[in-house]
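Step one of this worksheet: look at the structure below.
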Amino acid sequence: MADHTSRSIGPIVLLGPPGAGKGTQAKLIAEHYDIPQISTGDLLRAHVKNGTQLGAMAKDIMARGDLVPDELLYDMVAERLREADCSRGFILDGFPRTAAQAGWLDAYFEHEVFDKPNRARCLPIVIRIDVDYNDLLLRLTGRRTCPVCGHIYNVHLQPPRVDELCDLDGSKLVTRNDDREDVIRERLQAYDSQTRPVAEYYARKGRLVSVAGMLPVDQVSQQIFQEIERHAPGA
Ligand code: AP5
């Protein structure tokens, strides 16, 4: 059997409310299987930072905690999925998060992925990370991120060794501007009204698995790796 860093893994979709640990787990999966993490939140934040037209349209919407309109996401995601590093598989972190985005993604897989040789020939495994509402607030208000390497910390739950500095490269950690309590509530509401139906959509298709996200990070990863191994085309 081929090694897990050379065989096909296929598409992995991570679902879960803001603060569930999608970014934390996506980075660990990416490292373990040597496949890219594709976070629509990170891609949009890069557009905002670089002052692109898309960034200008998304900036205020993201600052309020609302979802960016579906049609603004599609070209950005399609372009990223066509890059060569996606050929063995990839992790979608934060996409799809509306029923329309899920339908778009299925159509994309049908036409773009399955038609091409050497691409992972399987439907995505959809992994939902479940966490209680009150813990989400603690996780989001305590989150700090390294602006250089992207490592994620939590001042309450996973603090850096030196206050406010990244363990890996010593950079000063930053707080995301949508991690304010009023904005967090909006984001959680957007998840309830618009993203829960996405989980139902995949459950109806028999593609949804859930993991207990309340456990320590490494135990959540173990559950996720088991599910991926069960599903991966080359396993
Ligand atoms: P996005 O960047 O995707 O944010 P999100 O979905 O709100 O998710 P987060 O990044 O806040 O949380 P996470 O689940 O990744 O948790 P993390 O691992 O950091 O989206 C931002 C915005 O962009 C949206 O509001 C929207 O406007 C727009 N957008 C993005 N995609 C879109 C789309 N598809 N359509 C429309 N609009 C879109 O962990 C959180 C904290 O918990 C950290 O401090 C971490 O250290 C800690 N933690 C993690 N795991 C554990 C654990 N097991 N135990 C204890 N602590 C833990």
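Everything numeric here is computed off the predicted structure, so don't read it as measured data. Every number for a ligand or one of its atoms is a count from 1 in the order of the listing.
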Is it true that Arg143 and Asp179 make a salt bridge, defined as a side-chain N closer than 4.0 Å to a carboxylate O?
yes
Scanning both residues in full, the closest heavy-atom pair of Leu67 with Ala190 reads CG-CB, 4.2 Å
How far is atom 31 (N) of ligand 1 from its nearest protein heavy atom, and which residue and atom is that?
Thr40 OG1, 2.7 Å
Of all the non-hydrogen atoms in the protein, which one sits nearest to atom 49 (C) of ligand 1, and at what distance?
Thr24 OG1, 3.6 Å
Only one of Arg196, Gln189, Gln194 forms a side-chain hydrogen bond (donor to acceptor under 3.5 Å, both in side chains) with Asp192, so which one is it?
Arg196
Give me the residue, atom name and distance of the protein heavy atom closest to atom 35 (N) of ligand 1.
Gln101 NE2, 2.9 Å
Relative to atom 27 (O) of ligand 1, which among Ile152, Asp66, Ile61 owns the nearest non-hydrogen atom?
Asp66
Worked verdict on Thr141 versus Thr175 for side chain to side chain contact (heavy atoms under 4.5 Å, CB included)
CA-CA 9 Å; Thr141 52; Thr175 303; over 6 Å; no
For atom 48 (N) of ligand 1, which of the options Met214, Gln194, Gln158 provides the nearest non-hydrogen atom?
Gln158
Verify whether one side chain among Ser210 and Arg128 offers a donor that lies under 3.5 Å from an acceptor in the other.
yes
Give the intermediate values and the outcome of side chain to side chain contact (heavy atoms under 4.5 Å, CB included) for residues Ile35 and Ile91.
CA-CA 7 Å; Ile35 56 173; Ile91 308 143; 3.9 Å; yes
Between Ala26 and ligand 1, which residue portion shows a heavy-atom distance shorter than 4.0 Å: side chain, backbone, both, or neither?
neither
Compute the shortest N/O to N/O distance between Ser39 and ligand 1 and return yes if it is under 3.5 Å, no if not.
no
What residue and atom, counting heavy atoms only, is the protein's closest point to atom 23 (O) of ligand 1, and at what distance?
Met62 CE, 3.3 Å
Check whether any side-chain N or O of His32 sits under 3.5 Å from a backbone N or O of His4 as a donor-acceptor pair, and report yes or no.
no
For Asn134, does its backbone N or O pair with a side-chain atom of Asp132 as donor and acceptor, under 3.5 Å?
no
What atoms of ligand 1 come closer than 4.0 angstrom to any heavy atom of Leu140?
11 (O)
Between Trp104 and Phe95, what is the ring plane arrangement, given parallel below 30°, perpendicular above 60°, and tilted in between?
perpendicular
Of Val77, Val217, Leu15, Leu44, which has the heavy atom at the shortest distance from atom 38 (C) of ligand 1?
Leu44
Does Met62 form a side chain to side chain contact (heavy atoms under 4.5 Å, CB included) with Leu44? I'd like the steps, not just the answer.
CA-CA 9 Å; Met62 293 172 75; Leu44 287 167; 3.7 Å; yes
Shortest non-hydrogen contact from Tyr202 toward Ala102
OH-CB, 3.8 Å
Nitrogen or oxygen atoms of Gly23 and ligand 1 under 3.5 Å apart:
yes
Specify side chain, backbone, both or neither for Tyr153, according to which of its non-hydrogen atoms lie closer than 4.0 Å to ligand 1.
backbone
Going by the closest heavy atom to atom 25 (O) of ligand 1, which one wins out of Arg97, Glu186, His151, Arg139?
Arg97
Thinking salt bridges, do Asp34 and Arg7 make one under a 4.0 Å N-O criterion?
no
Is any N or O atom of Arg187, backbone or side chain, closer than 3.5 Å to an N or O atom of ligand 1?
yes
Side chain to side chain contact (heavy atoms under 4.5 Å, CB included) assessment of Val77 paired with Thr40
CA-CA 7 Å; Val77 173; Thr40 44; 3.7 Å; yes
What do you reckon, does Leu215 have a nitrogen or oxygen under 3.5 Å from a nitrogen or oxygen of ligand 1?
yes
Mind checking whether Gly65 has an N or O less than 3.5 Å away from an N or O of ligand 1?
no
Nearest to atom 56 (N) of ligand 1, what protein heavy atom do you find, and at what distance?
Leu157 CD1, 3.5 Å
Nitrogen or oxygen of Arg45 less than 3.5 angstrom from that of ligand 1
yes
Taking distance alone, with no angle check, do Asp179 and ligand 1 share an N/O pair under 3.5 Å?
no
Report the nearest protein non-hydrogen atom to atom 16 (O) of ligand 1: residue, atom name, distance rounded to 0.1 Å.
Gly21 N, 3.2 Å
Residues Glu83 and Arg80 bridged, charged N to O under 4.0 Å
yes
Determine, considering heavy atoms only, which of Lys27, Lys22, Arg176 sits nearest to atom 1 (P) of ligand 1.
Arg176
Is it true that Asn50 and Thr52 share a donor-acceptor pair across their side chains at a distance under 3.5 Å?
no
Could you tell me whether Arg64 and Glu186 have a side-chain N and a carboxylate O separated by less than 4.0 Å?
no
Among all protein non-hydrogen atoms, which one is nearest to atom 9 (P) of ligand 1, and what is the separation to 0.1 Å?
Arg143 NH1, 3.2 Å
Note: ligand 1 atoms sitting under 4.0 Å from heavy atoms of Gly213 are 53 (N)
Numbering the atoms of ligand 1 from 1, which are under 4.0 Å from a heavy atom of Pro17?
14 (O)
For Gly19 and ligand 1, does the shortest N/O to N/O distance drop below 3.5 Å?
yes
Compute the minimum heavy-atom distance from Gly16 to ligand 1 and say whether it is under 4.0 Å.
no
Does Gln25, backbone or side chain, put an N or O under 3.5 Å from an N or O of ligand 1?
no
Short N or O distance, Val68 and ligand 1, threshold 3.5 Å exclusive:
yes
